[in-house]
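All remarks here apply to the structure that follows.
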Amino acid sequence: MPDAASAWDQVFARPERRWESGEPWDELQRVLREGLVRPCRVLEMACGSGVDAAFLAAQGFEVTAFDVSPLAIEQAQARVSGSGVAARFFQADVFQLPELGPPFPFVFDRGLYPHARRNLDSFRETLGRVTQPGSLYLTMAPNSQESDPSRRPPHGLSVRDLCLEFCPLFDVVQLHEITVALTTRREILAWSILLRRRKEKGDQ
């Protein structure tokens, strides 16, 4: 069985990937437009070919981004090369991150969570390392409330599921139902979740 890096390299070798439209994620643009997140140090997890990382860098963010696929990192570096923006890209597994320095005020992923939650304790440990009280985390998850079986995503999650999995570390700032258009011309119902890391006991 191929390891995760090899398996995702095969995905990124395809000319078309069903979740990548080539445009920054609408929800990421929205939270910036609404002033919920302002330029700061940001970590993008599972950055893919760098569409969102390049967008954030162009908005003045100091971007660090990683993906398990070496090919995705090559594509991301090529995307920003000569574009006038800078971002730091590196290859890594979310469960085996190197030392990244101080926690990040903003952490973002556009679909890593549904995969990483299969090892939920380790994923929460990673989130605990890369954030601190007050840090914001934006992610996306499949929504179990879709009534149309043809549009129902696999492994959909309910509001209760999300709260149980995130609330040990985070408070929910926003929870939106969204529709994600895949490049296969299929749409699925999803959640956009913006969370804030909770203060620890004794914090002022």
Side-chain angles (χ1 to χ4, degrees), residues 1-12 17 19-20 24-25 27-28 31 37 39-57 59 61-81 85-141 155 157 162 165-171 173 192-200 203:
M1 175 178 285
D3 61 21
S6 297
W8 282 102
D9 268 357
Q10 293 177 26
V11 173
F12 282 97
R17 294 173 289 276
W19 70 93
E20 283 202 339
W25 185 30
E27 285 296 290
L28 179 61
V31 298
V37 181
C40 61
R41 291 175 58 248
V42 57
L43 175 67
E44 184 182 2
M45 305 187 295
C47 64
S49 63
V51 174
D52 293 312
F55 167 72
L56 288 169
Q59 307 307 307
F61 286 79
E62 183 183 336
V63 178
T64 298
F66 71 87
D67 200 282
V68 72
S69 163
L71 181 56
I73 294 302
E74 288 180 18
Q75 294 172 357
Q77 290 171 330
R79 183 181 296 278
V80 301
S81 179
V85 300
R88 173 194 173 199
F89 294 104
F90 65 97
Q91 187 272 333
D93 187 297
V94 68
F95 302 119
Q96 298 176 341
L97 291 183
E99 176 58 46
L100 298 177
F104 293 83
F106 181 39
V107 176
F108 162 70
D109 75 73
R110 189 180 180 179
L112 171 66
Y113 163 57
H115 299 279
R117 65 183 293 272
R118 297 168 190 170
N119 193 348
L120 186 59
D121 287 342
S122 293
F123 186 54
R124 281 197 294 233
E125 182 179 339
T126 295
L127 288 174
R129 283 180 53 203
V130 300
T131 63
Q132 63 186 359
S135 294
L136 291 168
Y137 171 43
L138 177 68
T139 188
M140 178 172 62
H155 313 298
L157 300 172
L162 295 170
E165 295 189 5
F166 283 123
C167 286
L169 268 181
F170 295 92
D171 291 315
V173 177
S192 167
I193 314 118
L194 182 64
L195 303 131
R196 179 177 286 111
R197 176 78 181 270
R198 285 183 169 177
K199 289 185 177 181
E200 299 171 358
D203 288 341

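Model, not experiment: these values are computed from the prediction.
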* Check whether any side-chain heavy atom of I73 sits under 4.5 Å from a side-chain heavy atom of C47, and report yes or no. => yes
* Shortest non-hydrogen contact between R197 and G128, atoms and distance -> NH1-O, 3.3 Å
* Partner set under salt bridge (Lys or Arg N to Asp or Glu O under 4.0 Å) for D171, not counting sequence neighbours -> R198
* Asked: Just by modelled atom types, is the Q75 backbone N or O under 3.5 Å from a matching donor or acceptor in the S49 side chain?
  -> no
* Point-to-point distance, once rounded to the nearest 0.5 Å, from CD of Q91 to CD of E74 -> 10.5 Å
* Heavy-atom pair with the smallest gap, counting every atom of V85 and A54 -> CG2-O, 4.3 Å
* Are side-chain heavy atoms of R110 and L28 found at a separation under 4.5 Å? -> no
* Drop me the distance from L120's CG to Y113's OH, to the nearest 0.5 angstrom. => 6.5 Å
* **R196 atom CZ, neighbour heavy-atom count above 12 within 6.0 Å** => no
* Asked: Taking all non-hydrogen atoms of both residues, which atom of V63 and which atom of A57 are closest, and how far apart?
  -> CG2-N, 3.6 Å
* **With sequence neighbours excluded, residues passing side-chain contact (heavy atoms from CB on, under 4.5 Å) with A76** => F89
* R88: what forms a side-chain contact (heavy atoms from CB on, under 4.5 Å) with it, not counting sequence neighbours? -> T64, F90, L100
* Structure fact -> Smallest heavy-atom separation, V94 atom then M45 atom, equals CG2-SD, 4.2 Å
* Can you tell me how far the CZ atom of F166 sits from the CG atom of L127, to the nearest 0.5 Å? -> 7.0 Å
* To do: Answer with yes or no after comparing the ring centroid distance for F61 and F108 against a 6.0 Å cut-off, counting only values under it.
  => no
* Do the side chains of M140 and I193 get nearer than 4.5 Å, heavy atoms only? -> no
* Would you find more than 12 non-hydrogen atoms of other residues, nucleotides or ligands less than 6.0 Å from E125 atom CD? -> no
* **Heavy-atom neighbours of E165 CD exceed 12 at 6.0 Å** => yes
* To do: Identify the heavy atoms of P24 and V51 that sit nearest to each other, and give their distance.
  => N-CG1, 3.5 Å
* Decide yes or no for L157 and R117: does some side-chain heavy atom of the first lie under 4.5 Å from some side-chain heavy atom of the second? => yes
* Asked: What heavy-atom pair brings P105 and R41 nearest, and what distance separates the two atoms?
  -> CD-O, 3.2 Å
* Structure fact -> Across all chains, not counting sequence neighbours, the ring-ring contact (aromatic ring centres under 6.0 Å, His included) partners of F170 are Y137
* Qualifying residues under side-chain contact (heavy atoms from CB on, under 4.5 Å), relative to Q132, sequence neighbours excluded -> P103, S135
* Got a donor-acceptor contact below 3.5 angstrom from the E62 side chain to the C40 backbone? -> no
* Structure fact -> Residue set satisfying side-chain contact (heavy atoms from CB on, under 4.5 Å) with S192, at least two apart, ordered chain then number -> W25, E27, R30, L138, H176, I178
